[in-house]
Amino acid sequence: MSAEARVAGTVAAGFPSPAEQYMEPPLDLNVFLVKRPAATYFVRVEGDSMDGAGIFDGDILVVDRSLTPADGDVAVASVDGDFTVKTLRRRNGEVWLEPANPDYPPVRVGGESELKIFGRVTAAIHLL
């Protein structure tokens with residue numbers, strides 16, 4: 001037996017507003033989060049290098065392989081076969097993978113390093 005999640009209207013994040021007395025239709029998170037199913041995958045985050053971007057250890061990322069990450073986008077990449085999630089930076093012909101935690105240094109990718117970009121992160125799902 002499966003339960004359907006429903007959206008129960010909206011909730012104010014500032015001052016309270018009167019509660020809505022109706023329920024919206026069932027919410028399918030795939031419809032909400034996945035725009036291109038054939039090109040989308042989910043990965044679980046390990047580590048805290050992206051905490052400042054709201055991406056935490058244990059989160060599930062929605063990654064769209066059909067989107068080419070631009071400068072400033074969060075991307076899943078492989079550097080010499082090691083997977084990571086970082087903010088992609090392109091400066092003066094150089095590529096950097098920038099963490100969102102000051103405890104980690106940015107990584108310049110070039111020279112002998114092999115960089116593969118696997119897609120742009122479009123959402124992060126985490127429990128409170």
(request) Report, as yes or no, whether the 6.0 Å neighbourhood of atom CZ on Phe42 holds more than 12 heavy atoms from other residues, nucleotides or ligands. (result)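 Yes, because the 6.0 Å sphere around CZ of Phe42 holds more than 12 heavy atoms from other groups.
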(message) Tell me whether the count of non-hydrogen atoms from other residues, nucleotides or ligands lying under 6.0 Å of NZ in Lys35 goes above 12.
(response)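 Yes - once you tally the heavy atoms of other residues, nucleotides and ligands closer than 6.0 Å, there are more than 12.
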Please check if [X] and [Y] belong to a single hydrophobic cluster, counting links between Ile, Leu, Val, Met, Phe, Trp and Tyr side chain heavy atoms closer than 4.5 Å.
X      : Y      : answer
Val45  : Val76  : yes
Val85  : Val63  : yes
Leu97  : Tyr104 : no
Ile125 : Val121 : no
Phe32  : Val62  : yes

Check: [Y] and [X] side chains under 4.5 Å, non-hydrogen atoms:
X     : Y     : value
Ile55 : Leu61 : yes
Leu88 : Lys86 : no
Met50 : Thr87 : yes

If I compare all heavy atoms of [X] with all of [Y], which pair ends up nearest, and what's the gap?
X     : Y      : result
Ser49 : Pro99  : O-CB, 3.4 Å
Pro69 : Ile117 : CG-CG2, 3.5 Å
Gly47 : Asp57  : N-OD1, 2.7 Å

(message) Could you check, using the six-membered ring where one of them is a Trp, whether Phe83 and Phe118 have ring centers closer than 6.0 angstrom?
(response)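 Under 6.0 Å, so yes.
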Can you tell me if [X] uses its side chain to pair, donor with acceptor, with the backbone of [Y] under 3.5 Å?
X      : Y      : result
Asp73  : Ala75  : no
Asp51  : Asn101 : no
Ser113 : Val109 : no

(message) Checking Arg120 against Asp64 for the salt bridge (Lys or Arg N to Asp or Glu O under 4.0 Å) test, could you report, in this order, the C-alpha distance in whole Å, the side-chain angles of both residues, the deciding distance, and whether it holds?
(response) CA-CA 5 Å; Arg120 193 176 89 194; Asp64 189 331; over 6 Å; no
Under 4.0 Å between a side-chain nitrogen and a carboxylate oxygen: does that hold for [X] and [Y]?
X     : Y      : answer
Arg90 : Asp71  : no
Glu98 : Arg108 : no
Glu46 : Arg44  : no

